[in-house]
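Report on the following structure.
Just so we're on the same page: letters track the sequence lines, and every chain starts at 1. Values below: every heavy atom of this structure, side chains too, minus hydrogens, waters and symmetry copies.
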Number of protein chains: 4
Amino acid sequence: MSSTPIVRTDKKQAILDSALQLFVNKGFNATSTASIAKAAGVATGTLFHHFPTKKDIMSQLFLSIKQEFATNMVSNTQFSGDIEQDANTLWQKAIDWAIAQPLKQLFFLQYSMSADIDADVRKQAMNSILGFVVELINRGKQQQIIADFPNALLLENCHGQYLAAIRFFTDNPHLGDDEIHRSASFKLFWQAMKA
Amino acid sequence: MSSTPIVRTDKKQAILDSALQLFVNKGFNATSTASIAKAAGVATGTLFHHFPTKKDIMSQLFLSIKQEFATNMVSNTQFSGDIEQDANTLWQKAIDWAIAQPLKQLFFLQYSMSADIDADVRKQAMNSILGFVVELINRGKQQQIIADFPNALLLENCHGQYLAAIRFFTDNPHLGDDEIHRSASFKLFWQAMKA
Amino acid sequence: MSSTPIVRTDKKQAILDSALQLFVNKGFNATSTASIAKAAGVATGTLFHHFPTKKDIMSQLFLSIKQEFATNMVSNTQFSGDIEQDANTLWQKAIDWAIAQPLKQLFFLQYSMSADIDADVRKQAMNSILGFVVELINRGKQQQIIADFPNALLLENCHGQYLAAIRFFTDNPHLGDDEIHRSASFKLFWQAMKA
Amino acid sequence: MSSTPIVRTDKKQAILDSALQLFVNKGFNATSTASIAKAAGVATGTLFHHFPTKKDIMSQLFLSIKQEFATNMVSNTQFSGDIEQDANTLWQKAIDWAIAQPLKQLFFLQYSMSADIDADVRKQAMNSILGFVVELINRGKQQQIIADFPNALLLENCHGQYLAAIRFFTDNPHLGDDEIHRSASFKLFWQAMKA
DNA sequence: AATGAATGAGCCTTCATTCAT
DNA sequence: GATGAATGAAGGCTCATTCAT
């Protein structure tokens with residue numbers, strides 16, 4: 001009789017979508033659960049039916065966005081075997097993703113190290129992403145193309161440089177398509193990493 | 001009646017000190033003005049006598065710490081004229097400062113890009129610090145020692161790498177004295193910057 | 001399709017059972033309808049299918065327990081005609097019942113005069129029980145064995161002493177089989193009542 | 001300049017007074033903290049300034065009323081040394097108090113064994129009151145005037161009979177001055193206790 | 001009859017801020 | 001300057017109840 005059997009999930013997603021927008025534009029604490037519900041076209045009770053806690057919205061949002069990012073990075077990526085070239089491919093893809101998803105990118109910038117997200121959630125997210133980066137680094141080290149520094153330091157540096165790059169392109173949106181800046185941003189990164 | 005006109009500052013400073021500790025350990029929003037006052041051994045009213053607003057505590061704290069950092073960086077620093085060597089001196093000094101002031105360092109990490117601090121305050125702070133960095137960069141570019149990338153990108157990158165470095169040393173405190181890691185952290189940075 | 005038309009009662013009874021346990025252990029207000037349903041292995045909707053209101057669960061529970069108690073008191077009881085002996089028989093039976101049904105006894109203790117039960121329900125329950133007590137009292141008065149005090153006062157006193165007795169045996173479960181305490185509890189009661 | 005330096009306490013007391021009235025008339029759970037504050041002519045925040053929790057209002061109320069009752073019982077009481085006469089004096093005094101303070105009496109009736117009051121608070125209150133009763137019982141036992149039953153049982157019975165008596169006089173207010181009923185209520189009690 | 005997602009009024013509590021002393 | 005009681009708006013969350021399936 002009904003043609004919309006899966007509609008349920010819609011509401012949960014609508015809540016996440018509204019939360020993303022509000023968290024980015026007003027901040028986590030300045031966003032009331034009521035406003036999230038309202039923006040999602042849902043009752044307050046519904047929100048708490050799907051998420052036990054306001055913090056849980058944040059956690060799930062954080063995790064799902066990181067996951068989406070990671071998935072995007074890996075899928076449809078042709079690895080040439082040349083470390084630098086592959087690194088460049090990934091880097092540009094990451095920048096592309098950030099530019100295509102301004103909201104999610106701003107979310108990264110604001111919450112990647114905010115106290116509004118529990119440390120363990122952040123750690124969990126890191127692991128799910130960094131898999132492919134670690135792999136690349138290890139491969140690069142074996143071929144003596146990437147500097148032989150401690151992995152933890154390299155990873156932190158990658159993350160820091162990536163955030164810096166997208167912050168730059170966020171502050172200067174018109175440069176997103178500019179080849180000079182884009183290649184410069186990769187070069188900065190790569191110079192740091194290479195042996 | 002009173003012969004100690006400067007004692008005043010004591011309370012104001014006590015409030016800032018307590019705020020720093022609480023903001024770092026519990027977050028800005030999870031810290032009530034009442035708890036700050038209590039930790040400072042002061043009445044709530046007194047707190048609002050010195051700071052019109054809770055946000056003002058944050059702003060003054062942010063500004064004063066950034067200022068302190070900037071002052072520390074410049075004072076007693078002998079510039080050799082050799083860009084790389086000077087950069088290294090500054091970098092190590094910055095790391096030293098961060099390690100010596102764990103609370104302030106964590107404050108940096110958490111609030112350097114948080115929404116809890118007004119954008120203009122952040123901008124203002126940036127300028128007060130980055131002065132000497134800009135200068136160094138410009139000098140390096142003239143001598144063609146530093147890569148000829150847009151300054152905004154370079155600055156953002158510096159900042160990002162610095163935060164990554166102190167995050168690494170925060171997560172691994174025992175490596176703060178380890179020469180290998182410290183020099184590695186600079187090399188990563190410098191490789192990125194150099195022409 | 002179904003050949004078990006009586007299975008229905010199962011769920012209704014399961015709800016009442018769970019409600020009894022939860023009301024006693026957590027209190028009426030601290031028990032959510034959701035928790036009752038869950039404990040009964042039933043959906044929320046089902047609960048409200050059987051009971052229009054949360055209060056109705058309480059009322060039906062109260063009534064059915066009181067009824068069960070009254071039925072137990074009267075059934076299989078041999079009246080000797082000797083008032084004191086009969087009173088003792090009933091008293092001991094009441095204590096036995098309370099000890100055998102700790103949950104229901106605690107329910108009595110907590111809700112016999114709670115505001116969580118509508119006054120008229122309580123009154124209704126009283127009548128259904130007190131029938132046999134009133135009868136006994138009247139018989140005793142005729143034979144001038146029971147004191148000639150107003151019935152309302154005597155009834156209230158009976159109830160009060162009974163609650164006191166089971167509270168004592170609840171607080172001291174190991175004395176439930178102790179003849180000295182059991183006979184003492186009856187003597188206290190009987191001394192009060194007798195002419 | 002001001003002539004009302006102690007006014008502070010007024011608000012706390014006003015809150016307790018309003019709470020008493022509302023708890024008795026509407027029940028603990030049906031009474032919102034907002035309604036208590038409003039009835040007390042105070043802001044919500046003020047209520048929580050004086051009582052950390054709604055439950056704390058209840059606890060303090062319970063304790064203070066029990067205390068008041070105990071104080072009233074002991075003060076200005078001439079003990080004749082004759083146990084029965086002294087018991088009667090106290091019993092009548094207790095009934096008088098209950099009749100004079102209908103609200104507090106109803107509070108007793110409703111909350112003496114409600115789940116809305118923490119068990120330990122109830123225990124604490126018991127101890128503070130029952131002191132003089134225990135003393136009387138012990139004296140009576142020594143003189144072999146009071147039956148040699150376990151104290152715990154006697155105490156529970158006293159309490160139960162007292163509650164029954166005030167419940168009776170609550171339900172029949174016009175009998176509060178009736179000598180027949182009042183003396184009957186004592187006789188019931190005393191017959192139970194005496195050897 | 002059974003289900004459980006959805007609802008939204010209402011509750012307890014927090015907290016930045018004020019102000020009389 | 002210092003105090004802390006008082007304020008009241010606002011927020012996160014609960015929960016009895018409904019209803020489409």
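When distances run from any side-chain atom of C:Ala43 to the nucleotides E:dT13, E:dT3, E:dT7, the shortest one goes to E:dT3. For C:Phe48, the listed nucleotide lying nearest its side chain is F:dT18; candidates were F:dT18, F:dG12, E:dT17.
At least one side-chain heavy atom of B:Phe23 sits less than 4.5 Å from a side-chain heavy atom of B:Ile36.
Nearest-nucleotide positions on DNA chain F place D:Gly41 closer to the 5' end than the other of D:Gly41 and C:Asn29. Annotation: of the two residues near DNA chain F, C:Ala30 and C:Gly45, the 5′-most nearest-nucleotide partner is C:Ala30.
Taking atom NZ on C:Lys26 and atom P on F:dC15, their separation rounds to 9 Å, with Å as the unit. For the pair D:Phe28 CZ and E:dC11 C1', the computed distance is 12 Å after rounding to whole Å. In this entry the distance linking CD1 of D:Ile36 with P of F:dT7 reads 16 Å, nearest Å. What separates NE2 of A:His49 from C1' of F:dA16 is a distance of 15 Å, to the nearest Å. Atom pair B:Leu47:CG and E:dC19:C1' shows a separation of 16 Å (rounding to whole Å applied). Whole-Å rounding puts the A:Asp10 CG to E:dA6 C1' distance at 14 Å. Atom NZ of A:Lys54 is separated from atom C1' of F:dT14 by 17 Å (rounded to the nearest Å). Distance A:Lys12 NZ to E:dG4 P: 16 Å, rounded to the nearest Å.
For B:Asp17 (side chain) and B:Ala14 (main-chain N/O), no donor-acceptor pair under 3.5 Å exists by modelled atom type.
Under a cutoff of 6.0 Å and an axis angle of 45°, C:Lys12 and C:Phe51 form a cation-pi pair.
OP1 and OP2 of E:dG8 both lie 4.0 Å or more from every side-chain N or O belonging to A:Thr44. For the OP1/OP2 pair of E:dT3 and a distance below 4.0 Å, the side-chain nitrogens and oxygens of C:Lys11 include at least one atom meeting the criterion. For the pair D:Thr33 and E:dC12, the criterion of a side-chain N or O lying under 4.0 Å from OP1 or OP2 is met. Taking side-chain N and O atoms only, C:Thr46 has a distance below 4.0 Å to OP1 or OP2 of E:dT3.
Heavy atoms from other residues, nucleotides or ligands lying under 6.0 Å from NZ of D:Lys55 number more than 12.
The pairing partner recorded for E:dA20 is F:dT3, the criterion being a Watson-Crick or G-U wobble arrangement whose two distances lie under 3.5 angstrom. F:dG12: Watson-Crick or G-U partner is E:dC11, with both key distances under 3.5 Å.
Using a 4.0 Å heavy-atom cutoff across all strands shown, C:Ser35 reaches no nucleic acid atom at all.
Side chains of D:Ser114 and C:Gln110: a donor-acceptor N/O pair is absent below 3.5 angstrom, by distance only.
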